[in-house]
Amino acid sequence: MIRKVSEEPLKDIMKWYDYAREVLNCKINSLTFRFYLSSSENRRTIDWIAAQSNTMEWMELSSVYEESDDDLKYLMERILVSGHFKLKVKKYKNDFRMEIPGNPEWLHIENAQFLNYDQLLRLKSPIIILRESILTNEEIHRFLRSWMSCETHLELEALEISISGPDAINEIMDLPHEKTNDPRVVQAFDDYHMISQVENEIFTIERGDGQKRASVTVARLWDEWRLCLIVHSV
């Protein structure tokens, strides 16, 4: 192990990467980025990363500063994610709105307060996790109804979204459904890293084309109630 103290870390990282790329013929395919207070430093780093590769297989972005909203948008306009994308931003400006470009296979937004119903319909990721969501019970109900009618998200595999509490399921699942305790369905929730032990009722709905079913339950995870859904074959 070699440790080196640098007075200009970003400049030295650029030099190190140029050397490694020449010797190893490698490229950047994963990115963990934390936004700092200096917007100029953020954008300088973003421009350099985007110049090396504008598509990542794995990306995690985080920030504790409200002032980083514009820098976050700046990055999202320049770098796409094909695989795993996790967004961990604690606070946004009141009027903050942002689209999620591309179709990451796994989309996880820790604070989804900026994402409204119309934006949800535009998300095309197979696996979607939305924490601290502002979507209402009625909007989640509409989303499930649209899925059942084959109007949206035919590629969906799993969905986790915040809800107000356990009773929300009654309004959301005011749809034709069956109840199940099939152990294969219970295991599927664990396979998607949602719930290791299902404690509440499981509701199953069917898509109109008869090709897929979705099983839905609720769980209290980390002091927040969430609706969990997994899609499976009939």
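No donor-acceptor contact under 3.5 angstrom links the side chains of E132 and S162, judged on distance only. Counted by atom type alone, N103 and S125 present zero donor-acceptor pairs between their side chains at under 3.5 Å. Between Y36 and D71, the side chains place no donor N or O within less than 3.5 Å of an acceptor N or O (distance only, hydrogens not considered).
Not counting sequence neighbours, the partners of E110 by the salt bridge (Lys or Arg N to Asp or Glu O under 4.0 Å) test are R131. Residues passing the side chain to side chain donor-acceptor pair (under 3.5 Å) test with K27: none are found, sequence neighbours excluded.
Taking all atoms of both residues into account, the shortest heavy-atom contact from M173 to I205 is CE-CG2, 3.5 Å. H232 and S215 make their closest contact through NE2-OG, 2.8 Å (heavy atoms, listed as atom of the first residue, atom of the second, distance). Of all the heavy atoms in S53 and M56, the pair that sits closest is O-CE, 3.6 Å. In plain terms, the two heavy atoms of I140 and I163 that are nearest each other are CD1-CG2, 3.9 Å. Across every non-hydrogen atom of L80 and P101, the tightest pair is CD2-CB, 3.6 Å. The heavy-atom pair separating H141 from D174 by the smallest distance is CE1-O, 3.1 Å.
For the pair K86 and M59, the minimum side-chain heavy-atom distance is 4.5 Å or more. The side-chain heavy atoms of L229 and F189, taken from C-beta on, include no pair separated by under 4.5 Å. Contact annotation: the side chain of L227 never approaches that of E160 to less than 4.5 Å [non-hydrogen atoms, C-beta and beyond]. In this structure the side chain of S233 never reaches within 4.5 angstrom of the side chain of R213, judged on heavy atoms. No side-chain heavy atom of F203 sits under 4.5 Å from any side-chain heavy atom of T180. Side chains of L61 and M76 form a contact here, defined as non-hydrogen atoms less than 4.5 Å apart. Taking the side chain as every heavy atom from C-beta outward, R226 and V218 never approach each other to under 4.5 Å. Residues T136 and E139 meet the side-chain proximity criterion, which asks for heavy atoms closer than 4.5 Å.
Salt bridge status for R142 with E138: present, with a side-chain N to carboxylate O gap under 4.0 Å. Using a 4.0 Å cut-off between a side-chain N of Lys or Arg and a carboxylate O of Asp or Glu, D209 and R207 qualify as a salt bridge. A salt bridge is absent between E155 and K124; no separation between the charged side-chain nitrogens and carboxylate oxygens falls under 4.0 Å.
Counting heavy atoms of neighbouring residues, nucleotides and ligands inside a 6.0 Å radius, atom CG of N25 does not exceed 12 of them. Other residues, nucleotides and ligands contribute over 12 non-hydrogen atoms within 6.0 Å of the NZ atom of K73. No more than 12 heavy atoms of other residues, nucleotides or ligands sit less than 6.0 Å from atom CG of N181. Environment of CZ in R122: crowded, with over 12 heavy atoms of neighbouring residues, nucleotides or ligands closer than 6.0 Å. The number of heavy-atom neighbours closer than 6.0 Å to CD of E105, taken from other residues, nucleotides and ligands shown, is 12 or below.
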Could you go through the side-chain hydrogen bond (donor to acceptor under 3.5 Å, both in side chains) check for T217 and N200 one step at a time? CA-CA 6 Å; T217 190; N200 293 287; 5.2 Å; no
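By the rule that hydrophobic residues join a cluster once side-chain heavy atoms approach within less than 4.5 Å of another member, V81 and L75 end up as members of one cluster. Under a hydrophobic clustering in which Ile, Leu, Val, Met, Phe, Trp and Tyr are joined whenever their side-chain heavy atoms come within less than 4.5 Å, directly or via other members, L175 and L135 fall into the same cluster. I129 and W225 fall into different hydrophobic clusters, where Ile, Leu, Val, Met, Phe, Trp and Tyr side chains are chained together by heavy-atom contacts under 4.5 Å. Under the 4.5 Å side-chain contact rule for hydrophobic residues, I169 and L130 share a cluster. A continuous path of hydrophobic side-chain contacts links Y92 to L115 [ILVMFWY only; heavy atoms under 4.5 Å].
Ring to ring, W58 and F85 are not that close: their centroids are 6.0 angstrom or more apart. Between H153 and W147, the ring center distance fails the sub-6.0 Å criterion.
To the nearest 0.5 angstrom, L87 atom CG is 5.5 Å from L72 atom CG. Within the model, atoms CZ of F143 and CG of L123 stand 8.5 Å from one another, a figure rounded to the nearest 0.5 Å. Taking CD1 of I28 as the start and OG1 of T55 as the end, the distance is 12.5 Å to the nearest 0.5 Å. Rounding to the nearest 0.5 Å gives a distance of 7.5 Å between CD of Q113 and CD1 of I134. With values rounded to the nearest 0.5 angstrom, M98 atom CE is found 11.5 Å from D70 atom CG. Once rounded to the nearest 0.5 Å, the distance linking OG of S39 with CD1 of I46 reads 8.0 Å.
Because its NZ or CZ atom is not both nearer than 6.0 Å to the ring centre of F114 and within 45° of the ring axis, R97 does not count as a cation-pi partner of that residue. For the pair R21 and Y19, the cation-pi test (distance below 6.0 Å, angle within 45°) is failed.
Ring geometry for H108 against W106 counts as tilted: the plane angle lies between 30° and 60°, on a 0 to 90° scale.
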